[in-house]
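Here's the structure, in structure tokens; my notes come after.
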Amino acid sequence: MSTLFDLPQHGSLQSAGNGSAGRSGPDPEALLNGLNPQQRDAVVHTGSPLLVVAGAGSGKTRVLTHRIAYLLAGGVHAGQIMAITFTNKAAAEMKERVVDLVGRRANAMWVSTFHSMCVRVLRREAKTLGLSSNFSIYDADDSRRLITMVARELDLDSKRYPARTLAVHISNLKNELLTPEDAAEQAGNDMERKVAQVYAAYQRRLVDSNAMDFDDLIMRTVQLLQGHPAVAEHYRRRFRHVLVDEYQDTNHAQYVLVRELVGTEATDTGVEPAELCVVGDADQSIYAFRGATIRNIEEFERDYPQARTILLEQNYRSTQTILSAANAVIRRNPNRRDKRLWSDAGDGEPIVGYVGDNEHDEAAFVAGEIDRLVDEGIATFNDIAVFYRTNNQSRVFEEVFIRLGLPYRVVGGVRFYERREVRDALAYLRVLDNPEDTVSLRRILNVPRRGIGDRAESVVAAHAEQERISFAAALRKAAAGEVPLPTRSRNAIAGFVALLDELQAVAAESDVAEVLEAVLERTGYRAELEASDDPQDATRVENLTELVTVAREFTETRAGAAPTTTDSGVDPSAESVVAAVLPAGADDEDAADLPADDSLSAFLERVSLVADADSLPESGDGVVTLMTLHTAKGLEFPVVFCTGWEDGVFPHLRALGEPAELAEERRLAYVGITRARQRLYVSRALMRSAWGQPMTNPASRFLTEIPEELMHWRRIEPERAAPQVRSTWGTRGGFDRTGADSAQAGLAARGMRSTGRKGWKDTVAIKLSAGDRVTHDKYGLGTVLSTEGEGPRATATIDFGSSGTVRLMLIGSVPITKL
DNA sequence: GATTTTCTACTTTTT
DNA sequence: GTAGAAAATC
């Protein structure tokens, strides 16, 4: 069914690749075949910095890979090229495609994620920075644990200063390249002062543990380059071409890193700035919440005054109908550079809309429609994807799909490497690899239970602090009886220390899989799970077995004479987890810098940096793909179902009052719409249970932003608005009342609900102020714009989004709940 | 120190 | 509805 979209673009890629992959290198001109004029410009541009603004489906990857191939064909050595992506998958794909175009010599390029690239540099330059090259890499969970410990030691109220919040703040500071001292200096309120305090202690503890978190990897590389001109010059001399993908997702630290790598002017020794090419689309920036700043792409021309900008607006993916919808939605975002995607693929099918009574009805519609499309031969299961805003929305679909026997696969959710058992097992390995890794050590201290409780742990921790020794050292002293502890605790600790020594001995002479096996056996971890009658524990055992397989594959691949490509020797049917962990392109000239002789370190680094192991199903599995909108970025499907388009669900509740967040949600809608090639469905539900309670949600404002003429409504909201509901909550019918009347109606509804929850009196009066978010039994979700008057005369003007802006009296019992 | 119970707070998440 | 943490109890 994809014939409609088999445009010349796709064919020519193949021919350029196959025709020119010979040893002598491809003919540069052949690489331009089948490119449109803008793409061609981007490929051949030389000299000044280049920004390629690549709309969805405009052939961004083609431009990048062809540009690299073109450079290579023009005499640039592969070793002079650095290409940076955000995911390992994107890196592997890019390398593979360049290899297809120019052959194996492309393997000498550095194509990696920001983080891998930094690890590589940091390990190599460890001496310069005075750190040990076998540092551990802490992920978000490790770093949150460490922050919890630090906050507890500082006696912070864990309610007022939750570890999560502290972690976010510290991460933001690092993304802005601010040190603990900077943070302390500019702290303006209580939270910021505490954050600065925690940050300082946390950073000290990281260093003590010989560890870096993800943000450190970037920040410390920047510090390295800025603080050591000779090092910076070395890399600048070496990498003459730097390419950055998904530039809209870079944060400030990454932006500075790129600038330092490339250089802005010639060095004293005459090294000119490298050539920079960044590719991205501000409209697809959906990671601001992780620190990405759209500013970097918007201000590129200011950052690099010589820059040339090329716009790619021709889309090779979707029908014009789909693109028109995407354009119409994204146009509502303020302050954006206007960009209009167009296609010559024709209008295609209208966008199908559906309004379900509830989420089950919505899911049933989606399932039924999928069934029909496949039945009628319009699509295969593979062609179809279902998107939702949050992971928990997948459940309804799974239920219906199972009931109807539709094959599906949920992408994302709890990832393999985030599972408790996997992390526990890896923590053991990490302690064996880096005994100073306090977070991992404390994680496994009493896992499985061995009689070392909180009490004993804090005594040891306090002792470590007092004596200014590491936790590991204090633990050994405790085992030797040099720390005041009950005998029982002391014995337990002694047993644990002996166990670690024993495992250490195994680690010294075995490969990773064997060490892992020894850990699972000798700690009794596996035995405990096997003895359990909790069905979840059976899955845990399976996951651990899977982890052993991953380790074994890893060792085998490394042992086999220098693998040449990412996919060599990998059973295509093997779990994606395995594939993701295998060493990628280990045959470049720098392989010697890597911890090649130490398979444990190498394995741990791999699993830390390749956490997106549950990667996407390869096509051909014959399943429908279910995923969040975020996960969908970068993918495409012939048929796409965008579900849950309700204010409060999508856009998410938390974004309703914040213009910046709302804009990001809208970009998410844009991403979702533009994933579809031929058919797009958009649906919502009138009622949906959230947090155990049924909620009525108004239509998503994004839904109303799609021009009516592009839509074909399969089912719309019934005339009488909200349907009769027998539950103890909700409105009774959609009568068009005045504010006062609706307050009366709400009284009844509210009363019934309230008795069940917090009692009647609570609901009689409500205090609101501008910015508050509320739900109204009739109007749904809204944001308070302003309040007027006091006491019984108080009123509030509330923006209910698509339900309009309403002024309500706040007397008696308005059917309003403050969120 | 372990186990059970209660409470609470809920995005998205490339590394 | 549920997972993770804190508090209460054994």
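So that the names make sense, note that chain A is the first sequence line, chain B the second, and so on, each numbered from 1.
- Residue-level contact check: Gln393(A) touches neither bases nor backbone, having no heavy atom under 4.0 Å from any strand.
- If you measure from atom CG of Leu156(A) to atom P of dA6(C), you get 13 Å, rounded to the nearest angstrom.
- Rounding to whole angstrom units, CG of residue Asn391(A) and P of dT2(C) are separated by 15 Å.
- Of the candidates dT2(C), dT11(B), dT12(B), the closest approach to any side-chain atom of Arg395(A) belongs to dT2(C).
- A sub-4.0 Å separation between OP1 or OP2 of dG1(B) and a side-chain N or O of Ser489(A) is present.
- With dC10(B), dA6(C), dA2(B) as the choices, the nucleotide that has an atom nearest any side-chain atom of Ser158(A) turns out to be dA6(C).
- The interatomic distance linking Asp139(A) (CG) with dT15(B) (P) rounds to 12 Å, in whole Å.
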State the dot-bracket string of DNA chain C. Criteria: Watson-Crick or G-U wobble, both atom distances under 3.5 angstrom; notation: ( ) intrastrand, [ ] crossing earlier pairs, | interstrand, . unpaired.
||||||||||
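- Counting only heavy atoms from C-beta on, Arg290(A) has its side chain closest to dT13(B) among dT3(B), dT13(B), dT11(B).
- Remark: Arg295(A) qualifies as a cation-pi partner of Tyr255(A) under the 6.0 Å distance and 45° angle criteria applied to the six-membered ring.
- Counted by atom type alone, Tyr138(A) and Asp437(A) present one or more donor-acceptor pairs between their side chains at under 3.5 Å.
- Distance, Leu656(A) CG to dT12(B) C1': 15 Å, rounded to whole Å.
- Comparing atom distances between the Tyr287(A) side chain and each of dT12(B), dT14(B), dG1(C) picks out dT14(B) as nearest.
- One can place CG of Asp245(A) at 15 Å from C1' of dT15(B), the figure rounded to the nearest angstrom.
- Listed candidates were dT14(B), dG1(B), dT12(B). Nearest to the side chain of Asp249(A) is dT14(B).
- Of the candidates dT14(B), dT11(B), dA5(C), dT14(B) carries the atom nearest the Lys633(A) side chain, counting heavy atoms from C-beta on.
- Taking only side-chain nitrogens and oxygens, Thr631(A) comes nearer than 4.0 Å to OP1 or OP2 of dT13(B).
- Relative to the side chain of Thr390(A), the nucleotides dA5(C), dG1(B), dT12(B) differ in distance, and dT12(B) lies closest.
- Contact check, Arg415(A) against dT14(B): a side-chain N or O comes under 4.0 Å of OP1 or OP2.
- Taking side-chain N and O atoms only, Asn392(A) has no distance below 4.0 Å to OP1 or OP2 of dC10(B).
- Phe496(A) does not carry Arg450(A) over the face of its six-membered ring by the limits of under 6.0 Å from the centre and within 45° of the normal.
- Ala456(A) comes within 4.0 angstrom of sugar-phosphate atoms only, judged by non-hydrogen atoms across all strands, and of no base.
- If you measure from atom CZ of Arg120(A) to atom P of dT15(B), you get 17 Å, rounded to the nearest angstrom.
- OP1 or OP2 of dT13(B) has at least one side-chain nitrogen or oxygen of Thr628(A) nearer than 4.0 Å.
- OP1 or OP2 of dT3(B) sits under 4.0 Å from a side-chain N or O of Arg449(A).
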